[in-house]
Each structure stands twice: as C-alpha cells, then as structure tokens.
2 protein chains.
Amino acid sequence: MQFSKSTDYALHALVHLGNSERCNNVGIKELAGALGVSESYLSKIMSKLRQDGIVRAVTGVNGGYELARSADQITFLDVIQVIEGRQQLYECSNTSSRQHQFLAEEAAVQPDQKRLNENVCLIEKVMYGAEQQLYQYLRGHTIQSVLDEAFKRWTHKEDKK
Amino acid sequence: MQFSKSTDYALHALVHLGNSERCNNVGIKELAGALGVSESYLSKIMSKLRQDGIVRAVTGVNGGYELARSADQITFLDVIQVIEGRQQLYECSNTSSRQHQFLAEEAAVQPDQKRLNENVCLIEKVMYGAEQQLYQYLRGHTIQSVLDEAFKRWTHKEDKK
DNA sequence: TCTATCATGGACATCAAAGGTCTATAATGA
DNA sequence: TCATTATAGACCTTTGATGTCCATGATAGA
C-alpha cells in the first residue's frame, strides 16, 4: 500500500502555486518544469484538482492555474482524497463467509442513516479506526503549513551565515 | 490507495487460528473454507506469515498452522507489514527537481545513522508523520483484542435472549 | 516401507490500475 | 486571425494484485 505518484505531483504543484501567490496564473509549462514531470501527465492531475475545486484554471493566452482558495484552507486530506479517491482504506471482501459471520456485529441503530441490522466486521472496525486516525492528522496539515515551515527553515539558514 | 485483499485474508485467518486455540493445527482446507477463498491462494499468504514468524506450520498428516506466539502479541501492524511490505507510505519521487530543492531541508545530524546532509522534503515529512499516526493505532490493536470484542458481543447477545 | 495427507515454492495466467503520451478541440488575449 | 493555453479522450506500456497449477518434500499411520 502506497500513495500514488499523482498524489506526490499534486501536492508539489499546489505548494508551487501557493508560493507564487501573486495574482498571475502559473502555466502548466512552468509547473511541469519545476516538478520535473511531463506537461501532458501533470495537466491530467491539475484537471482533477480543478474539477474538485482545489484550483482554478484559465485557458488561452496568459492562462494557467491558481489556488481556488487560500493555502491554509487546502488540507493534505483534501488533496489526497481528490487524487486517491474516497473509498475506504479497507473493506471486508467476503461478507458471506463463516469467518465474517463470527466477527460481524449488529451495528448500532443509526436513525439518521436508516440502515438497520447492518453487520460490521470487527476487523473492519479496527481498520476504520486506523483510517480515521490517519485522516485526522492529514486534516491538520495544509499547503500553507508547508510554506510556513519552508520559510522558517530558509530564514534560519540565513541567520547562520 | 487501499489495503490488499491479502491483508484481509491474513487478518481473518489469524483470528480463526486465535479462536481455535486448542493445540491441534488448523489445515489450509478448514481455513480456506471458513474464509471463502481458494486453498491455493491462501497458502501463499500463510507461507508469508510463517516466514515472518507470525504462525508456525507443520507439514504432513495432521499438519497445519497455529499462531507462533500468543494472540495478544500479534498486532495489526505486524500483519500488515508482512503482507503489504515495509516501504514508506509516501516517497518524494523527484528529489532532483527545483520544487524539491525548495522544500528540502538539511536533516538533523543523526550520529548513529551516519547519514549527514540528507535532504528531507517537507511534504514527505508531513506524510511521514501521518504514517506514524496510522502505525501507532495499528500497534495498539491485536488479534486478541478482536477476539475479546467478539466474545463480549456474543455474550451480550445471549443476555438479551 | 508404502501411502495418503499436508505445506512449500516456482511457474504461469489474468486483469485492473498506475503512469504516461499524443492529438483534436475550445477558449482567450493580442 | 493567430499564437497560446487548458481540456478531454483515445491509446499505450508497465506494474502489481489476484489467482491457478504442479512438482516437491515432509510426516503420521497402516
């Protein structure tokens, strides 16, 4: 299990956009050059980010991309879910097996969900908890927080000179 | 990004072994039957678990598998790392790009590691933190904890009758 | 010792997804 | 109108997950 390269590209691209915060757009050429990846492939990724409202895009001369909202409103989780999808990290594959029957439990009745008597595998329950831990952390880190950290590091280097 | 079915099978198999705790081994036939998966494929997975010391195997008549240590000494993380491997969840793919140079920092000197001047990408740093969160949680849950939960659930149902 | 049972390991097949390229199209500013 | 720029779809290649099959080796019991 690993995050895809696309996620890597997306995060780096967004940091780049966040850094060149002036109002002019950043073209795919500059972006791809900075990341060391083909324009072709990166543009697919940027399209996805646009469709999910993470960035805005302008076509035509002097067009390009910019963040659709401020960098501190774009969390790592936002980006990852756009690129990797929103399926659960873990799902019980054989819900009809004897093993599953043993581990399943009657889920607590959720009136607002109207899904009664749903069986929840206890293994899945643990994995779901783990997923929530991961998401919690990723929700707490934004593109801006990376920029802040980079800036702090940079000024610190200057001090030492 | 998702956990593989193999991980699903491995976890369920281990719970099964943990549940039939009597000293006799459990054959691949019983195991595969309980999980609803082919003996062929499951045996590969069990082999992996054996190679990593999670289970013991006995060949020949009346042979089969048993846990190599007590169920409360087998964490979810143990199992997942055997099956999914131990690579990082996220790695910066383009360490030579301009973008990366901007985000990299001189890693703190680790005398015991003897790796000086290693650049660590700030994005990777966040993702590494996320990974540690996930692992922390998975370390805290064992095969035994699932069995306990199942038992508790079961007796609770009995009470209601 | 023979045989049925059981795990092991390698070779192989299949399939879906990741990763990547190319081209036609549409939008836009000069 | 023309050069520029993003978009969307078709297409390709590689990789890894999933799965099967078979030869081999170990073991207990007859």
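Numbered from 1 within each chain, the chains take letters A, B, ... in sequence-line order.
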Can you pull out every side-chain hydrogen bond (donor to acceptor under 3.5 Å, both in side chains) where at least one residue sits in residues 126-138 of chain B? Sequence neighbours excluded, please.
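Qualifying pairs, neighbours excluded: B/Y128-B/Q132, B/E131-B/Y135.
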
Enumerate the side-chain hydrogen bond (donor to acceptor under 3.5 Å, both in side chains) contacts for residues 72-84 of chain B, please, sequence neighbours excluded, ordered by first and then second residue.
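Only B/S4-B/E84, B/T7-B/E84, B/R69-B/D78, B/S70-B/D72, B/T75-B/D78 qualify under side-chain hydrogen bond (donor to acceptor under 3.5 Å, both in side chains).
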
Taking side chain as C-beta onward, heavy atoms only, is [X] less than 4.5 Å from [Y]?
X	Y	value
A/C92	A/M127	no
B/L89	B/L134	yes
B/N25	B/N62	no

Contact state string [nucleotides 24-30 of chain D, B base, S sugar-phosphate only, - no protein heavy atom under 4.0 Å]
-BBBB--

I need a per-nucleotide contact map over nucleotides 9-23 of chain D, read 5' to 3'. Cutoff is protein heavy atoms under 4.0 Å; write B for the base, S for backbone only, - otherwise.
BB-------BBBB--

Pairs under 3.5 angstrom only: tabulate donor-acceptor contacts from the side chains of residues 51-59 of chain A to other protein residues two or more places apart or in another chain.
residue	atom	partner	partner atom	Å
A/R56	NE	A/E66	OE2	3.4
A/R56	NH1	A/A68	O	3.3

Distance-only check: which donor-acceptor pairs under 3.5 Å involve side-chain atoms of residues 35-46 of chain B, not counting sequence neighbours?
residue	atom	partner	partner atom	Å
B/S38	OG	B/Y41	N	3.1
B/Y41	OH	B/S6	OG	3.0
B/S43	OG	B/E39	O	3.4
B/S43	OG	B/S40	O	2.7

Heavy-atom contact window of chain B on DNA chain C, given 5' to 3' at under 4.0 Å:
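For DNA chain C, the relevant span reads C/dA4 to C/dA11.
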
Which residues satisfy the side chain to side chain donor-acceptor pair (under 3.5 Å) test with [X], sequence neighbours excluded?
X	answer
A/Y90	B/D8
B/Q144	B/D148
A/Q2	B/E91

Tell me whether the side-chain N/O atoms of A/R50 come closer than 4.0 Å to OP1 or OP2 in D/dA8.
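The answer is yes; a side-chain N or O of A/R50 sits under 4.0 Å from OP1 or OP2.
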
